[in-house]
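Let me begin by presenting the structure, written as structure tokens, before commenting on it.
Just so we're on the same page: letters track the sequence lines, and every chain starts at 1. Excluded from the calculations below are hydrogen atoms, water molecules and symmetry mates; all remaining heavy atoms, backbone and side chain alike, are included.
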Number of protein chains: 2
Amino acid sequence: MDNRSNILSCALRLFATRGYDAVGVQEIVEAAGITKPTLYHYFGSKQGLLDALLKESFAPLYREVKSASVYRSDLPLTLHQMAKAHFDFANRNKMFYRLQLALWFAPPESDAFKAVSRLNHELYQLTEEVFMRAAVDHGNMKGRHRAYAATFVGMINNYIALSLNGYARLDDQLLYQAVHQFMHGIFS
Amino acid sequence: MDNRSNILSCALRLFATRGYDAVGVQEIVEAAGITKPTLYHYFGSKQGLLDALLKESFAPLYREVKSASVYRSDLPLTLHQMAKAHFDFANRNKMFYRLQLALWFAPPESDAFKAVSRLNHELYQLTEEVFMRAAVDHGNMKGRHRAYAATFVGMINNYIALSLNGYARLDDQLLYQAVHQFMHGIFS
DNA sequence: AAATTACTATACCACTCGGTATAGTCGATG
DNA sequence: CATCGACTATACCGAGTGGTATAGTAATTT
């Protein structure tokens, strides 16, 4: 593996397990077996490293969720596909999803939060658009697409957070249960 | 206000807006208008300051949620009360709830996460116990109390996070809507 | 009055932080 | 062979980190 990829992978692991602010540049380069100038050659700064890390890791997640978010008048199906895209990605990229969740809830003035907020918003938009289109078919949902999108994304991230801490397994059964509960509640 | 309380309040504000690791002790004492030995006299270390801050802020939240979690064979009522306890507390202690959410999703090896995980678990237990008792009355819920508790708490925190970022207002209408959706889904 | 306790400021510690100036090394290109 | 650009190591920078030794002040207790 080339140095650049190696730095990214070590930084991801350290940031995800200990936090962006708590990990120093020195620690990253030691983990990667290189020295500081090499890191600064590729990324310019610690912040630049985080930006590159987030941007390149977000790209496949966004792509997969986007292709899962086609809506053809079958809301349960679309929600199922979108949740599955999230679950599959989280299963494959546990470290990155850990980091992503931590940054999403990070203090609003922190560098880390600023770096991730725009990317996260683009992802959220995909969900909101689905509920907007669904409101055409389901009259009683009109005007509540933002609330639904926020709840749905929150629920997905909640399940992923549970699985990352060992309280659940992101399998098809949980996927079905989650989407079903979202649509029909716990009394059914 | 005495020095101790003043330090706690300044530290809370700084930790919540910029993050525990990003805020130095020097910055805290300057904000509080005192010097370092004073802080170290009361709290022993930066970590000790965080511990005291969390412990003392968690106490009223736990107390209020606990008294709201009495279950008398009316699950909707109990869930309503518990969600209201969370919402009310979050409205009154926005800064602390910000910090609390950030730490809940913080990297698992970070000092901050370790400091909050036990307290958070105690709080979560209250919810789980409600669903365990409810399962006696609602047979179809048996064996799923953990999933329900996790989802319910996750939903509440999701709504509070939204309100902290200006995307919602934690009023009675949202409260009713949230609990209703949890129980009956979006198709009703 | 003397001693004790609780608290706070000055000044400092060793260490780490993010970042860089300099001097290379190396393979590709002319 | 000469050169050029991409990349990497040594050694260092000023600033800031969490934490403390010392000395004091002010109120309380004996």
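Under the 6.0 Å cut-off for aromatic ring centres, Phe105(A) and Phe113(A) do not qualify, their centroids lying 6.0 Å or more apart.
The outermost nucleotides of DNA chain D lying under 4.0 Å from heavy atoms of chain A, listed 5' to 3', are dC7(D) to dT10(D).
Atom NE2 in His41(A) sits roughly 16 Å away from atom C1' in dG19(C) (whole-Å rounding). Rounded to an integer number of Å, the gap from Lys36(B) NZ to dC7(C) C1' is 18 Å. Taking atom CZ of residue Phe43(A) and atom P of nucleotide dT20(C), one finds them 16 Å apart after rounding to whole Å. Counting to the nearest Å, the P atom of dG19(C) and the OH atom of Tyr40(A) are 4 Å from each other. As a whole-Å value, the separation of Tyr42(A) OH from dG19(C) C1' is 18 Å.
Mapped onto DNA chain C by nearest heavy atom, Ala22(A) and Gly44(A) fall at different nucleotides, with Ala22(A) at the one closer to the 5' end. Judged by closest nucleotide on DNA chain D, Pro37(A) is the one of Gln26(B) and Pro37(A) placed further toward the 5' end.
For Lys94(A) and Phe89(A), the positive end is not near the middle of the six-membered ring at less than 6.0 Å and at most 45° from its axis.
Comment: Asp171(A) engages Arg169(A) in a salt bridge, judged by a side-chain N to carboxylate O separation of less than 4.0 angstrom. Under a 4.0 Å N-O distance rule, the pair Arg4(A)/Glu56(A) qualifies as a salt bridge. Salt bridge annotation for Arg133(A)-Glu128(A): absent, with no cationic side-chain nitrogen under 4.0 angstrom from a carboxylate oxygen.
Using a 4.0 Å heavy-atom distance criterion, Val23(B) is classed as a sugar-phosphate-only contact.
Between the side chain of Ser57(A) and the backbone N or O of Leu53(A), at least one donor-acceptor pair lies under 3.5 Å.
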